[in-house]
Amino acid sequence: MPQVTVFSLFSDFDIDLFKSGKHFRLYEKLGSHPMELNGVKGTYFAVWAPSARAVSVIGNFNDWDDNVHMLNVRWDGSGIWEGFIPEVGVGEIYKYKIYSNNHGAVTEKADPFARYCEHPPKTASIVWEADYEWKDKKWMDTRKEKNALDAPFSVYEVHLGSWKRDKDGNFLTYEQLAIDLVAYVKDMGFTHIEFMPIMEYPYDPSWGYQLTGYFAPTSRFGDPEGFKLLVDALHQAEIGVILDWVPSHFPEDAHGLGFFDGSHLYEHPDRRRGYHPDWKSLIFNYGRNEVRAFLISNAIFWLDQFHADALRVDAVASMLYLDYSREEGEWEPNMYGNNENLEALSFIREFNEAVYGSFPDVQTIAEESTAFSGVSKPVMYGGLGFGMKWMMGWMHDTLEYFKKEAIYRKHHQNDLTFSATYAFTENYMLPFSHDEVVYGKQSLVYRMPGDEWQRFANLRLMFGYMFTHPGTNLIFMGGEFGQTSEWNFQKSLEWHLTEYAVHNGVQELIRDLNSIYKNYPALYQKQFSPDGFQWIDYGDHENSVLTYIRRGNNAEDELYVACNFTPVPRENYRIGIPKNSGKLTIILNSDDKKYGGAGTDPKISGIKEIAWHGREQSIELTIPPLSIVIFQ
C-alpha cells in the first residue's frame with residue numbers, strides 16, 4: 001500500500017485567511033479531493049485538528065489500520081494535517097483517526113468537509129467528485145429580478161422524505177423528485193421552494209436540523225449530482241430554491257463535529273455558551289476565527305456549487321441571546337452586562353456581508369422570533385443584514401384568531417389588525433411552517449372551528465388574508481390542499497384527499513392566489529413599504545369585517561380587499577373607496593363553488609357619490625360568509 005505523499009493545496013495566503021477567519025472557500029482546500037500527482041491518481045486529504053498529535057486516514061483501502069496513512073501536520077501553526085494518498089479514488093469510504101494531545105483522547109471522525117456521506121445509520125465519509133453540466137443559465141442570468149424584494153415570493157416548504165413516497169413506502173430519489181415535485185410546484189404556481197435541511201444528518205426525527213455533514217446533500221435520496229439535477233430542474237421550471245441552513249447548533253454524535261480533535265474545536269468550551277439545553281446539542285464558537293470561516297464557507301458552498309437562490313437561517317433567536325432557554329445563573333452577561341451574544345451578532349453580520357458580496361442576486365431569510373431590531377436592515381445601517389425575516393408574531397396571532405368560534409371574534413379583531421402597526425419595521429415573510437402542524441397542534445384545517453364546511457371556508461379565508469397581507473408568503477406542504485392529519489415525517493402526505501371536492505377546492509384556491517399574487521403588482525411591488533397598504537376600515541368589530549387597499553407603483557393597479565370572518569353574509573355592505581371612475585371587477589371570491597364554497601354572488605354595485613369611510617365615493621357589496629373578496 002503506497003504511503004502518504006507530502007503535498008498541499010494551501011498557499012501561505014490561504015493560511016493567513018484561514019487563521020484570520022476570512023477564508024470563505026475552504027471547501028476548495030479542506031476535505032478530500034481526487035486528483036493526479038506526478039502522473040499518479042489518488043486523493044488529497046486535509047483536516048483541521050490543532051490539538052492532535054497524530055492524524056491518520058482510515059478506510060477499506062487500508063483495512064481501517066490507523067498506522068498506514070498518517071497525515072503530515074503543517075509547519076505554520078494552522079493545525080491543518082494533510083497529504084496525498086495514491087490509488088485512493090472516488091467512492092472510497094473513510095474517516096479520520098485523531099490522537100489528541102488533550103489527555104490522550106482518541107476520536108474517529110467523519111470529514112467535516114466531505115461532499116458525500118454513507119447512508120445513515122452508517123457514518124463514514126465518501127471520497128467524491130463528479131462533473132455536472134448545469135442547464136439553468138437562463139435562470140441564473142435573470143434570477144436577480146426573480147429574487148428581488150419587489151418581486152413575488154410565494155414559497156412551498158418541503159420535507160423531501162415525506163412529501164411523497166413510492167407505493168412501497170420508500171423515499172423518492174432526487175431524480176424522481178426532479179420530475180414529480182417540480183411538475184407539482186410549477187402547476188401550483190409557487191415562485192420558490194424551500195427545502196428543510198438536505199445536508200447530511202444522522203437522526204430522522206430531527207427532520208434534518210441536527211447536521212453532521214455540512215457539505216454533503218443527504219444520501220437518503222441519492223448522490224450529490226442527483227440533488228444538483230433537482231435544483232437544475234426547478235430552475236428550468238423558473239422556480240427558485242431556498243435551503244434551510246443551520247449554523248446555530250450541531251449534535252454530539254461521536255462521528256460529528258463535537259470534541260473533534262479531543263478539544264472543544266467547533267463548539268464553545270464554556271457549556272453556558274456551548275450547549276443548547278432544549279435540543280441537547282452543541283453551539284458553535286462564533287468567536288473563533290476558523291469556525292467562522294468554516295460556517296461562512298459552508299453558506300457560500302451551497303450558493304456556489306449547488307446554485308441555491310436563498311438561505312433560510314434556522315433558530316437565529318437562539319444565536320442572538322446568551323440567556324436563550326436558560327434560567328438565571330445558567331448564563332453569563334457580555335462585556336456590557338446585557339444578554340446579547342456579541343460574537344454571534346458579529347458572525348451573522350459577517351455572514352450576510354459575505355453572502356451578498358459574492359452573490360448579490362440571492363436572499364438570506366432569518367427565522368427569528370423575538371423583537372430584535374433591524375434583522376432585515378443592511379449591516380451598514382446597524383442591522384443584521386438579512387433580506388427578510390419570518391413574521392412569527394403574525395403567524396401566532398392569526399392562528400390564535402382563527403381557532404376562535406366566530407361569535408367571539410368581534411372581541412379579538414385586534415389580533416389581526418395589530419400586525420399592521422409593525423408590518424413595515426422589517427421585510428417580513430408570512431409563514432405557516434412545519435412547526436405549526438406537529439406535536440399536537442393539529443393540521444391547519446383542524447385548528448379551525450365549526451363543521452366541515454366552516455373549517456374549509458375558514459382555511460380558504462385565512463390563506464386569502466395571508467396572500468393580501470403585506471409581505472411574502474410561505475406554506476408548508478399539505479396545507480395547500482387542507483391535509484387533515486398532523487404532518488408525519490415517516491410517511492407521505494395524504495394525497496388521496498385531493499380526490500375530494502373540499503380538498504381539491506383549497507388546492508384550486510392556492511393555485512389562483514399564486515397566480516393573482518404574481519400577476520397583480522399591487523400585491524408585491526410595495527410589499528415591504530407602508531405605501532403599499534392602507535386600511536379602508538379596521539374598526540368594524542361588530543361585523544368582524546376588515547377592508548383594506550393594496551397598492552403598487554401605479555394608481556390603476558390598486559386592489560381592494562374585503563374579509564368577512566363570520567358565517568353570516570354581510571349584504572349591502574358599504575365600503576368607501578378612493579376617487580375612481582372605473583368599473584370594479586372581482587378578482588377572487590373564496591366562496592366560489594370551484595373552491596368548495598357556496599357560490600354567493602358578491603353583487604358589487606356601481607360606484608356612487610356617497611361619502612363613506614372618509615372618502616368621497618363608495619360601493620355596496622355582499623361579502624359572503626367566511627370569505628375574502630378581492631376586486632379592482
Side-chain angles (χ1 to χ4, degrees), residues 24-25 132-157 182 185-186 189-195 227-228 230-245 296-313 348-366 375-381 383-390 424 426-430 470-474 514-515 517-529 531-532 552-554 557:
F24 299 150
R25 305 254 174 171
Y132 181 83
E133 187 177 340
W134 289 90
K135 301 178 180 66
D136 63 348
K137 185 178 188 302
K138 180 182 176 183
W139 169 269
M140 297 297 283
D141 287 347
T142 60
R143 72 174 179 178
K144 184 174 183 179
E145 293 78 44
K146 306 286 179 57
N147 283 336
L149 293 175
D150 59 355
F153 225 91
S154 180
V155 183
Y156 187 54
E157 185 190 23
V182 174
V185 177
K186 180 72 171 177
F190 291 98
T191 65
H192 292 72
I193 188 168
E194 178 177 324
F195 291 121
F227 184 61
K228 288 179 180 177
L230 174 55
V231 174
D232 204 351
L234 286 160
H235 282 173
Q236 291 175 62
E238 297 192 303
I239 299 163
V241 176
I242 305 169
L243 300 183
D244 269 13
W245 186 57
I296 295 175
S297 289
N298 185 242
I300 297 293
F301 171 79
W302 293 102
L303 300 168
D304 172 32
Q305 298 288 298
F306 286 85
H307 291 198
D309 302 292
L311 297 173
R312 176 267 196 186
V313 183
I348 289 169
R349 291 184 172 113
E350 187 171 26
F351 149 75
N352 276 314
E353 286 185 314
V355 165
Y356 284 112
S358 295
F359 300 93
D361 53 354
V362 306
Q363 292 291 349
T364 62
I365 305 163
V375 172
S376 60
K377 295 292 185 291
V379 173
M380 70 177 75
Y381 300 129
L384 292 184
F386 287 98
M388 290 180 237
K389 169 183 170 171
W390 275 19
F424 307 107
E426 302 277 2
N427 298 335
Y428 280 117
M429 175 177 283
L430 315 180
T472 55
N473 313 302
L474 177 142
N514 274 325
S515 177
Y517 179 40
K518 289 187 290 187
N519 289 302
Y520 287 84
L523 293 176
Y524 63 80
Q525 285 180 338
K526 295 183 176 182
Q527 57 196 348
F528 301 126
S529 167
D531 295 337
N553 295 332
N554 300 316
D557 291 334

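Computed from heavy atoms alone, side chains included, the values below leave out hydrogens, waters and symmetry copies. Predicted model only: the values in this text are computed from it and were never measured.
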For [Y], does its backbone N or O pair with a side-chain atom of [X] as donor and acceptor, under 3.5 Å?
X      : Y      : result
Gln527 : Tyr428 : no
Asp304 : Ile300 : no
Thr191 : Ser154 : yes
Asn147 : Asp361 : yes
Gln525 : Asn553 : yes

*Out of Asn427, Leu311, Val379, Asn352, which one pairs with Phe386 under the side chain to side chain contact (heavy atoms under 4.5 Å, CB included) rule?*
Asn352
_Among Ile242, Leu149, Val355, which residue satisfies the side chain to side chain contact (heavy atoms under 4.5 Å, CB included) criterion with Gln363?_
Leu149
*Can you measure from NZ (Lys377) to NZ (Lys389) and round to the nearest 0.5 angstrom?*
10.0 Å
*CG/Asp136 to CG/Asp309 distance, rounded to the nearest 0.5 angstrom?*
8.5 Å
*What about the rings of Phe301 and Phe306, do their centers lie closer together than 6.0 Å?*
yes
_Please report whether the ring centroid of Trp245 lies less than 6.0 Å from that of Phe351._
yes
*Chi angles and distances behind the side-chain contact (heavy atoms from CB on, under 4.5 Å) call for Phe359, Arg143*: CA-CA 11 Å; Phe359 300 93; Arg143 72 174 179 178; 4.0 Å; yes
